[in-house]
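For the single chain, residues carry numbers from 1 onward in sequence order.
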Amino acid sequence: MSDIRQPRLTRRGFFKAAGLAAAAGAGAPVLGSLTPAVRSAKAADPGFTSHYSACDMCFNKCGVIARVQEGVVTKLDPNPKFLKSRGMLCARGNAGIAQLYDSDRLKYPLLRAGKRGEGRWKRIPWDEALDMAAERMQEVRSKYTPCGMLFTAGADLQSQFVSRFAEVFGSYNITSHESLCLLSNNRAYLDTFGETPYADVLNSRYIIMAGANRFEALVTPDSMDMMTALRSGCKLVVLDPRHTKTAALASEWHPIRPGTDMAFMLAVAHVIIAEKLYDEEWIREKTYGLEQLAGHVRPYTPQWAEQECGIPAQDIARMARELAAAAPAAMVYPGRRTSDYSNSTQIRRSFAIVNALLGNWDKPGGLLAARAVGLKGVPYDAPWYDENPFERVDAGIVPGLFEHDGSFVLTREAVLSAEPYPLKGWFVYKTNPMVNAPDRARTIEMCNAMDFMVVVDIAMSDTACMADLVLPAPGYLERQDPASGLQGSSACACVVQRDPVVPALYESRPVFEIVKELAGRLDLAEYFDFTIEEYRAKQLADLPDAPQALERDGVYYNPSKVYGIYEDRIYKTFSHKIELYNQRYESMGLDPMPVYTPPAAAPQGRFRLIIGRNACVTHGSTNNNALIHELVPENTLWIHPQSATPLGIRDGDMVEVSSPAGKGTIKAEVTERIRPDCVYMLTGFGTISDGLSRIKGVGASIAALLEGHYDSVSGNAAMHETFVSVSGRAS
């Protein structure tokens, strides 16, 4: 990954490669804005200077060394001392330069000058933009209470300041990108083990990976460690409706029927318990509910599971025995994105229960607890507003809602119904629900229902193009960020931070500065009376060696135990043990153990639409990147030949895909790498924003097709519950 080579460019040549010269020639105020920044940062030494940073092209935050010459970032290298990314940098990480110097970047504040979403904008000064934003937010607060404002932020080191500002402003209504991604998995493991685990892939001897794709949907260090483990003799079994790159490198691939993962896991549990393939002493001491679980899984035999998931019974039984024989250095891989089905929390509970039966918790090659990073939380007070409603708008609908993440799908419905109260303002930072959330038509309705909507981002995303006010943010190479603690299997418990590698281009400002300015205008300045340096000093107060290590190595490691963390620790569950049988669920009226319900079959002539990841694409944020676009210029619709032939669809044909939520036109990719009852397409295409010059209207939008289903426990979006029709030879 780290040896992707780029041609040596002159400064002028680099600008041309990034598209800046063309933009300047078209009259865009690009080079005029860039020149002072370059001039002020120009090094006395004409050679390279090197600067540590942490990549922000996806959520992994891998270690980066930026090479700067004459004030221009000319190369990004991996930081060899950053263990979480194993000294590597992927294609997206290398494309960070193209993000920095992208001609499509937002350059100054923009005020909507036409109808919402029309794409007509007026450039305004920052003071006017901030004055207007504060005034409009105050209008919302006065008319609808502070909870009339919704705050939505992506996975970013400065997103904590958006949440802080929301609390200071007085709004309970905060949603994160995670409610479109991983909350079902978090809920399941928290309710089984008391915390979410890290997979010790590197030391595992047997891994069952269901619905995860680590060689394309990259997670550090798991993706790299998986390859090392395979070379060391680890057996990898992949259950996936698609033959992914991970499936191609696995020992076994089983094209499981979508939505039947729980059936497989319950049958595995049946075999392990019936044949007593578990460590009886460990199970007795560390778990609660084996007797209830044994009775529960008795009917779930491998023969029964074969009829549900399409995997032969003898293979299910064999895999259960092999998995148990390799334990505790064995696992059902926990995964990350679990926004799949309306029962995803219970599906992931079945994963967690099998892991518990393996006795792999806190053991080499199994699932690991979080290690002590040592980073200190920064406490603060917030004002109290007597006029606040009692609850957030998505409260009380699902029993396992994470209040700090919320549920975007449920919040959207509350906005559109104005129940339990109106929500009329929206502050969005570095996330793009118009592309990432299901049912784009409903999200458009949500935008149109707002009295005021402001988006802070680096580019004119589809969500930004629906706003009233758009504010330009700097990229990660241009800004100062607070410290962040990172975890990653046995690799590390580490701290990273960012300082500007080059000065911020154009008129971009970090969201910390934006919310601090807004707080001042709303008589809330005392709650943001600090600088990033002061904030970081408080974070690192208990780590006296950290500042020097961060300056010297770009990362700080806090020595701590890797294994045996739970030798003297109780589990944060009702029983203080790993809960095979969940007592709290029982008290809430939920199934205390996963109860299997067959997934709906595809109606005649329709296909289940499934989604997945590509190693070059981070949701919708990198598709328009100039370098990434060369590698992934469009998305295609995977469809099996058995399904394509009756419809008259040939490889490369343009087809129309439609669902009750919407439709799109896309190129067909006829392939045997997918089940005949499914189709697949990549996220992030079919965009509508004029500000995304490379991908506007290219391919079809997942968001336009997916219906707005959600997990019944966590409220996580359920992205695999939509059936689509495909018609051939669309013109």
Side-chain angles (χ1 to χ4, degrees), residues 106 108-154 161-163 165-175 385 387-389 392-393 406 408 411-419 421-434 437 442-457 460-473 509 511 513-524 689 691:
L106 292 166
Y108 32 73
L110 296 171
L111 178 65
R112 178 164 61 87
K115 295 180 180 179
R116 193 184 295 276
E118 188 178 12
R120 294 174 57 201
W121 302 95
K122 173 187 175 183
R123 178 179 180 175
I124 60 173
W126 264 106
D127 283 344
E128 181 181 338
L130 293 168
D131 288 344
M132 189 193 74
E135 180 181 348
R136 298 294 299 276
M137 292 174 73
Q138 182 59 44
E139 289 174 2
V140 169
R141 183 163 67 178
S142 299
K143 190 172 182 179
Y144 303 107
T145 81
C147 283
M149 280 294 303
L150 168 65
F151 295 84
T152 301
F161 297 126
V162 177
S163 297
F165 180 69
E167 187 166 351
V168 166
F169 184 83
S171 178
Y172 305 142
N173 292 308
I174 303 170
T175 63
Y385 297 97
E387 71 271 31
N388 271 5
R392 46 185 297 145
V393 294
F408 177 81
T411 297
R412 183 178 63 193
E413 295 312 301
V415 170
L416 295 177
S417 67
E419 296 290 342
Y421 51 84
L423 205 163
K424 290 293 184 178
W426 196 6
F427 186 106
V428 184
Y429 171 60
K430 203 192 170 190
T431 189
N432 190 8
M434 281 280 290
R442 295 291 279 174
T443 306
I444 291 173
E445 288 183 51
M446 178 183 179
C447 296
N448 287 330
M450 295 294 173
D451 289 353
F452 177 65
M453 179 177 170
V454 56
V455 172
V456 182
D457 212 329
M460 185 64 78
S461 68
D462 280 7
T463 302
C465 81
M466 296 297 296
D468 299 289
L469 179 66
V470 179
L471 303 177
R509 295 189 185 183
V511 77
E513 183 178 325
I514 292 169
V515 296
K516 186 171 182 175
E517 290 279 351
L518 291 175
R521 287 165 167 80
L522 292 166
D523 296 325
L524 300 168
S689 172

Test salt bridge (Lys or Arg N to Asp or Glu O under 4.0 Å) on D451 and R136 and set out the steps. CA-CA 8 Å; D451 289 353; R136 298 294 299 276; over 6 Å; no
Evaluation steps, side chain to side chain contact (heavy atoms under 4.5 Å, CB included), between C447 and M453: CA-CA 7 Å; C447 296; M453 179 177 170; 3.7 Å; yes
Would you please test F452 and E139 for side chain to side chain contact (heavy atoms under 4.5 Å, CB included) and show each step? CA-CA 9 Å; F452 177 65; E139 289 174 2; over 6 Å; no
Under the criterion side chain to side chain contact (heavy atoms under 4.5 Å, CB included), I'd like the reasoning laid out for L471 against V454: C-alpha separation, chi angles, the key distance, then a yes or no. CA-CA 8 Å; L471 303 177; V454 56; 4.0 Å; yes
Could you walk me through whether R112 and E118 pass salt bridge (Lys or Arg N to Asp or Glu O under 4.0 Å), step by step? CA-CA 9 Å; R112 178 164 61 87; E118 188 178 12; over 6 Å; no
Please determine whether side chain to side chain contact (heavy atoms under 4.5 Å, CB included) holds for the pair V162 and V511, giving the CA-CA distance in whole Å, both sets of side-chain angles, and the decisive distance to 0.1 Å. CA-CA 8 Å; V162 177; V511 77; 3.9 Å; yes
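Under the 30°/60° scheme for interplanar angles, the aromatic rings of F427 and F165 are found to be tilted.
Closest approach of A134 to L522, counting heavy atoms only: O-CD2, 3.5 Å. Contact record, M450 with G425: SD-N, 3.6 Å, taken as the closest heavy-atom pair. Among all heavy-atom pairs drawn from S171 and M149, the shortest one is OG-O, 2.6 Å. Between P146 and G170, the shortest heavy-atom distance links the atoms CB-O, 3.2 Å. Across all their heavy atoms, V455 and A467 have their closest contact at CG2-CB, 3.8 Å. Counting all heavy atoms, side chain and backbone alike, L106 lies closest to P472 at O-CB, 3.6 Å.
Of the inter-residue distances, the one linking E513 atom CD with L518 atom CG reads 10.5 Å to the nearest 0.5 angstrom. Rounding to the nearest 0.5 Å places CH2 of W426 at 14.0 Å from CE of M137. Distance check, rounded to the nearest 0.5 Å: OG1 of T463 to CG of N432 gives 3.5 Å. Note: L110 CG to L469 CG = 8.5 Å, rounded to the nearest 0.5 Å. Here the OG1-OH distance, from T431 to Y429, works out to 11.0 Å after rounding to the nearest 0.5 Å. The structure places CD of E413 at 9.5 Å from CE of M446, a figure rounded to the nearest 0.5 Å.
F408 places a side-chain heavy atom less than 4.5 Å from the side chain of T443. Side-chain contact between I514 and L130 is present, with heavy atoms from C-beta onward closer than 4.5 Å. Using a 4.5 Å heavy-atom threshold, the side chains of R141 and Q138 count as touching. For the pair V415/V393, no side-chain contact is recorded, criterion being any heavy-atom separation below 4.5 Å from C-beta on. Within the 4.5 Å cutoff, no side-chain heavy atoms of V428 are placed close to those of M466. In this structure, the side chains of V456 and K430 stay at 4.5 Å or more apart for every pair of heavy atoms. In this structure, the side chains of Y385 and C147 stay at 4.5 Å or more apart for every pair of heavy atoms.
E445 has a carboxylate O that lies under 4.0 Å from a charged side-chain N of R442, or vice versa, which qualifies the two as a salt bridge.
With sequence neighbours left out, the side-chain hydrogen bond (donor to acceptor under 3.5 Å, both in side chains) criterion links R116 to D468.
Not a single donor-acceptor pair under 3.5 Å links the side chain of R521 to the backbone N or O of E135. Checked by atom type and distance alone, the side chain of S689 never pairs as donor or acceptor with a backbone atom of C465 at under 3.5 Å.
For the residue pair E167/S163, the side-chain donor-acceptor check at 3.5 Å is not satisfied.
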